[in-house]
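Data block below; observations after.
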Amino acid sequence: MSPHDPARIEPKWQKAWDDAGVFLARRDPAKPKYYVLEMFPYPSGRIHMGHVRNYTMGDVIARYKLACGYSVLHPMGWDAFGMPAENAAMERGASPKDWTYKNIADMRAQMKPLGLSIDWTREFATCDPDYYGQQQALFLDFLAKGLITRKNAVVNWDPVDMTVLANEQVIDGRGWRSGTEVERRELTQWFFKISDFSEELLAAIDGLDAWPEKVKLMQRNWIGKSRGLQFAFSFADAPEGFDRLEVYTTRPDTLMGASFAAISPDHPLAKRLERNDPKVAAFVAECRKTGTSEEALEKAEKIGLDTGLRVRHPFDNDWELPVYIANFVLMDYGTGAIFGCPAHDQRDLDFARKYGLGVIDAFVAAEGGQPVQDEAFVPSKTEVVRWIKTFGWDEMATGTQAIDAAIAFCESQGVGQGVTKFRLRDWGLSRQRYWGAPIPVVHCDACGVVPEKKENLPVRLPDDVSFDKPGNPLDRHPTWRDVPCPACGKPATRETDTMDTFVDSSWYFARFTAPHAATPTVLEDAAYWMNVDQYIGGIEHAILHLLYSRFFARAMHICGHLPETAIEPFDALFTQGMVTHEIYVTRDDKDRPVYHLPEDIEWTESGAKLGASGAPVEVIPSAKMSKSKKNVVDPVNIINEFGADTARWFVLSDSPPERDVEWTASGAEAAFRYLARVATLSERIAGIDPATPGDGDEDLLRAMHKTIFDVTQGIESFGFNAAIAKLYAFTNTLTKSQAGHAAQRQAMLVLAQLMSPMVPHLAEEVWAMLGGEGLIATAPWPKPDPAMLVEDTVTLPIQVNGKRRSEITVPKDMTKAEVEKLVLADEAVAKALAGSAPKKLIVVPGRIVNVVI
RNA sequence: GCCCGCGUGGUGGAACGGUAGACACAAGGGACUUAAAAUCCCUAGGCCGAAAGGCCGUGCCGGUUCGACUCCGGCCGCGGGCACCA
């Protein structure tokens with residue numbers, strides 16, 4: 001029998017922690033607090049290795065901080081609303097609610113054996129009426145404070161499923177489920193006014209010191225601040241109701257190269273023209289057929305239609321530009337109208353060539369170069385300045401200030417004004433779906449849109465819904481919509497749209513601080529526990545989830561639900577890599593890939609073969625685990641076979657946490673064998689007669705203190721793989737040590753403590769075996785003795801011209817002069833010098849010596 | 001197109017500007033065993049050499065430095081983010 005028996009010890013220690021209530025988060029004013037949070041899971045029904053890695057990392061931090069004397073909050077919940085539950089309902093008639101809660105129960109049962117230090121008393125699911133009721137209360141508060149608005153928006157509409165589709169659900173311009181062509185449709189939707197916070201959300205990124213640069217950069221780009229010139233063209237022949245055409249440009253310096261103006265098909269002018277001109281109407285309709293997804297836009301040809309209207313160039317009244325309607329001009333960026341400068345923008349050039357528009361060879365002609373042919377000339381900033389000068393503008397600033405100078409010049413001439421625009425748009429939260437938090441408003445013929453009264457919350461989802469027809473079941477429910485108007489009491493109808501599931505995850509971290517409160521949060525609790533000290537999750541949430549949460553924290557503060565100190569809710573963020581696995585591929589007779597399970601592969605000297613047929617198998621390393629590729633490793637199987645400690649140890653050990661880690665069967669077995677070795681070692685040390693003296697106590701204890709130092713550093717800096725390497729090394733040292741029993745026992749206890757955040761069950765077992773006091777989970781984290789970290793003697797490598805040639809061992813406080821003397825006396829150095837004196841002798845105390853010849 | 005990040009043995013990866021390859025996987029050799037598994041010990045960047053030792057070596061080219069995987073410039077390759085954004 002293996003000395004390491006997870007099936008026996010893991011449940012035992014989990015029960016011991018539970019019984020002692022070790023992981024219950026308590027507000028304790030006497031202690032510093034620490035809030036560790038991993039991004040909560042969607043309850044798909046199965047945990048996967050990615051979860052194991054994510055939660056193990058958080059658990060290491062949580063257990064470490066607990067041992068360091070912090071009052072720790074480490075909660076878990078479920079991001080439980082969303083499409084998969086409705087899909088399950090449509091596919092097999094399950095109730096979304098039953099399906100979801102069963103999945104939660106299943107996943108919790110799979111998660112518990114991992115031995116995570118979770119305070120389960122704080123658990124909730126976002127589909128709990130209690131949670132979404134509080135979310136509805138937040139909605140009402142936001143609405144009252146003007147943080148929410150209702151307006152029209154263009155969406156992807158699936159005419160068969162009768163629902164709005166997210167961009168990701170539009171594939172090749174067709175609905176992913178129905179396969180029909182998606183339409184662009186304008187609907188009235190609710191929006192969070194996140195764009196009001198653009199400047200602040202951008203500026204505050206600078207203060208997020210413990211966030212990855214990559215994530216901060218992605219957020220900055222997403223918010224997309226730009227500086228440009230907004231000005232108006234006057235019409236040569238003004239259409240009714242439009243005396244000017246407002247345009248926005250970030251390149252005012254190219255204004256003298258303008259050769260056309262273009263408006264969006266959704267521009268009010270286009271809508272005006274469409275009424276009287278069937279050609280325009282047909283063209284605009286054509287443009288609207290294109291979806292709004294990235295692929296659709298990528299493939300769409302750039303098309304335009306001459307409206308016949310002409311505008312005048314702001315610097316030359318006689319210079320007229322045609323006005324086109326063009327499908328590539330977006331209504332919701334800038335003013336929905338642009339000018340085109342073919343000489344300096346590739347897209348404008350392509351468009352001008354296609355429709356036979358003039359190309360002004362602005363810069364190029366002035367410098368005597370070649371006229372613009374097929375490629376637009378995009379001048380550098382300094383060249384722009386020269387370009388400007390050729391048009392008689394004054395001497396201007398150079399370099400990056402060229403654009404600002406151009407704006408200033410235009411302003412001085414009364415042509416427009418400099419404006420700052422953001423790419424960030426308001427966040428549309430309406431979804432025409434069932435399985436989400438109902439938007440708590442009522443539509444009344446007399447009063448219009450009326451917020452529901454808070455005392456009527458939660459607005460509960462009805463359970464008796466059917467998915468036999470496409471569309472939103474709430475629309476078809478016989479009675480659910482019927483409700484008295486909260487204002488006048490007359491019969492009215494509920495809003496049937498529900499909230500985007502991103503809303504649910506935008507404040508759950510705050511709810512964990514008071515998960516059962518009758519208000520969204522309790523300020524006192526929020527003030528104690530917020531902010532999240534360490535947030536851990538996937539990079540895929542770098543933009544939306546994290547940006548929305550930052551917005552929500554601000555909005556909640558404005559409504560009095562969070563203290564001002566919590567407007568940036570996540571102090572530190574860590575984005576962890578995936579768990580990958582090899583995939584095994586053969587080809588069928590049409591050369592299509594066929595995937596195989598790891599257990600079907602046989603390893604021979606000439607490579608991988610298919611066990612059944614002996615066909616050679618192509619091995620593709622480091623692929624994301626997916627069912628279709630048959631490379632999924634189920635944590636449940638691993639826990640059953642090796643125990644949770646092995647799974648935890650392995651996902652931390654091989655790669656730095658921010659990078660992907662490849663799961664390998666041999667690696668998992670090796671992790672198990674190592675843990676067994678530790679158990680054996682512990683048994684052996686426990687069995688030694690306490691009176692046994694030994695040899696090398698000091699060396700062992702020095703190594704122990706060095707390891708305490710290194711492992712502590714490793715955990716603090718998310719260097720789990722490096723910390724584990726140090727633990728291996730120290731285990732090897734202890735195994736070979738001939739030290740006396742007392743020293744070995746002490747070293748073993750410390751080893752167990754240092755391992756305890758990663759493999760808590762085994763650590764408890766070792767701790768108990770050697771008579772450690774209480775539970776290791778609550779034992780104070782060991783501290784290295786600084787005196788034991790300094791060696792009395794140091795070994796200095798000696799380099800000659802930067803290459804290592806020898807070494808000397810000297811007392812650590814030996815003077816430079818003495819070291820130099822010894823170095824020159826060194827045989828290898830003397831040989832290299834061959835009698836002559838060195839040019840230079842560099843002694844870096846305690847580090848290295850370099851002899852320059 | 002714009003913006004980032006990363007290139008180190010057979011593999012995953014270590015390395016405050018200071019002995020490159022810690023630690024582990026896989027591999028090879030050995031001990032124990034009738035045998036295998038398990039366990040334990042040893043070897044291991046490449047080239048030359050019996051050895052001592054030497055030369056080369058962190059994608060490529062150059063620079064800074066006594067000293068560069070690390071800093072700077074250019075190139076190549078891979079990965080990621082954003083994008084009809086005017």
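Numbers restart at 1 for each chain; the letters A, B, ... are given by sequence-line order, proteins then strands.
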* To do: Step by step, work out the ring-ring contact (aromatic ring centres under 6.0 Å, His included) result for A/Y324 and A/Y355.
  => CA-CA 10 Å; A/Y324 275 71; A/Y355 291 100; 5.6 Å; yes

* Asked: Can you tell me if the side-chain N/O atoms of A/N221 get under 4.0 Å from OP1 or OP2 in B/C85?
  -> no

* For B/G9, does the O4'-C1'-N9-C4 (purine) or O4'-C1'-N1-C2 (pyrimidine) torsion place it in syn, i.e. within 90° of 0, or in anti? -> syn

* Asked: Which part of the nucleic acid, if any, lies within contact of A/D348, taking any heavy atom under 4.0 Å across all strands shown: a base, the sugar-phosphate backbone alone, or nothing?
  -> nothing

* To do: Please tell me which of the listed nucleotides, B/C23, B/C56, B/G13, lies nearest to the side chain of A/A725?
  => B/C23

* Taking the side chain of A/R673 as heavy atoms from C-beta outward, which of B/A38, B/C84, B/A22 is closest to it? -> B/A38

* **Complementary nucleotide of B/G1, counting Watson-Crick and G-U pairs under 3.5 Å** => B/C82

* Is there a donor in the side chain of A/Y674 and an acceptor in the side chain of A/S653, or the other way round, less than 3.5 Å apart? -> no

* Can you tell me how far P of B/C23 sits from CZ of A/F720, to the nearest Å? -> 22 Å

* **N/O donor-acceptor pair, side chain A/R220 with base B/C82, under 3.5 angstrom** => no

* For B/C60, the Watson-Crick or wobble partner whose two distances fall under 3.5 Å -> B/G74

* Could you tell me whether A/R805 contacts a base, only the sugar-phosphate backbone, or nothing, with contacts defined as non-hydrogen atoms closer than 4.0 Å? => sugar-phosphate

* Structure fact -> Checking N1-N3 plus N6-O4 or O6-N4 for Watson-Crick, or N1-O2 and O6-N3 for wobble, each under 3.5 Å, the partner of B/A24 is B/U11

* Asked: NA contact type, A/A670, heavy-atom cut-off 4.0 Å: base, sugar-phosphate, or nothing?
  -> sugar-phosphate

* For atom C1', what is the distance between B/C41 and B/G57, given to the nearest Å? -> 30 Å

* Structure fact -> Rounded to whole Å, CZ of A/R684 lies from C1' of B/C40 at a distance of 13 Å

* **A/E213 CD - B/G81 C1' separation (whole Å)** => 15 Å

* Take atom C1' in B/C78 and the same atom in B/U65, then report the distance between them in whole Å. => 31 Å

* **Distance-only side-chain donor-acceptor flag, A/S806 / A/D826, under 3.5 Å** => yes

* Residue pair A/Y248 / A/E246, side-chain donor-acceptor N/O under 3.5 Å -> no

* Cut-off 3.5 Å, side chains only: do A/T795 and A/E807 have a donor facing an acceptor? -> no

* Asked: If you look at every strand shown and take non-hydrogen atoms under 4.0 Å, does A/R677 touch a base, only sugar-phosphate, or nothing?
  -> sugar-phosphate

* Relative to the 5' end of RNA chain B, which residue comes earlier, A/N801 or A/G667, by the nucleotide with the nearest heavy atom? -> A/G667

* To do: Round to a whole Å and report the spacing from CD1 of A/I842 to P of B/A68.
  => 11 Å

* **Candidate nucleotides B/A83, B/U39, B/G13, ranked by approach to the side chain of A/N721 - the nearest** => B/G13

* Asked: Does a side chain donor of either A/R550 or A/Q219 reach within less than 3.5 Å of an acceptor in the other side chain?
  -> yes

* Inter-nucleotide C1' distance (B/G80, B/G30), Å rounded -> 48 Å

* Provide the Watson-Crick or G-U wobble partner of B/A37, both distances under 3.5 Å; none if there is no partner. => none

* A/Y248 side-chain N/O to B/A86 phosphate OP1/OP2 under 4.0 Å -> no

* To do: Looking at every strand, decide which applies to A/Q799 at a 4.0 Å heavy-atom threshold: base, sugar-phosphate, or nothing.
  => base

* Structure fact -> A/K214 atom NZ is separated from B/G79 atom C1', nearest whole Å, by 10 Å

* Rounded C1' spacing from B/G10 to B/C2 in Å -> 39 Å

* Asked: Roughly how far apart, to the nearest Å, are B/U64 and B/C82 at atom P?
  -> 41 Å

* Rounded distance in Å between the P positions of B/A68 and B/C60 -> 15 Å

* Go through the side-chain N and O atoms of A/R677 and A/N732 and say whether any donor and acceptor fall under 3.5 Å apart. => yes

* Do A/S195 and A/D426 have a side chain donor and acceptor closer than 3.5 Å? -> yes

* Structure fact -> From CG of A/N732 across to C1' of B/A24 the rounded distance in Å is 10 Å

* **Nearest to side-chain heavy atoms of A/P656, which nucleotide of B/C85, B/A14, B/G81** => B/A14

* Asked: So what does A/S655 hit on the nucleic acid, given a heavy-atom distance under 4.0 Å: a base, only sugar-phosphate, or nothing?
  -> sugar-phosphate

* Asked: Separation of A/R804 atom CZ from B/G67 atom C1', in whole Å?
  -> 15 Å

* Which sits closer to the 5' end of RNA chain B, A/L217 or A/V661, going by the nucleotide each is nearest to? -> A/L217

* To do: Write down the distance separating the C1' atoms in B/C4 and B/C66, rounded off to the nearest Å.
  => 35 Å

* Asked: Is there a side-chain polar atom (N or O) of A/R423 under 4.0 Å from OP1 or OP2 of B/A83?
  -> yes

* Asked: Rounding to a whole Å, what distance do you find between A/Y333:OH and B/C82:P?
  -> 17 Å

* B/G17 and B/U70, which share atom name P, separated by this distance in whole Å -> 11 Å

* Identify the nucleotide, in any strand shown, that forms a Watson-Crick or G-U wobble pair with B/C66, with both distances under 3.5 Å; if there is none, say none. => B/G18

* **NZ/NE/NH1/NH2 to OD/OE distance under 4.0 Å, A/D206 and A/R220** => yes

* Tell whether A/K840 reaches the base of B/C66 with its side chain through a donor-acceptor pair below 3.5 angstrom. => no

* Side chains of A/Y728 and A/T733, donor plus acceptor under 3.5 Å -> no

* Counting any heavy atom closer than 4.0 Å, what does A/P621 reach on the DNA or RNA strands: base, sugar-phosphate only, or nothing? -> nothing

* To do: For B/C85, take OP1 and OP2 only and decide whether either is under 4.0 Å from a side-chain N or O of A/R347.
  => yes

* To do: Give me the residues of residues 843-853 of chain A where at least one heavy atom lies under 4.0 Å from an atom of RNA chain B, by number, or none.
  => A/V844, A/R847, A/I848, A/N850, A/V852

* Output the single nucleotide from B/G13, B/A24, B/A86 whose closest atom is nearest the side chain of A/T249. => B/A86

* Carboxylate-amine/guanidinium contact A/D350 A/K302, below 4.0 Å -> no

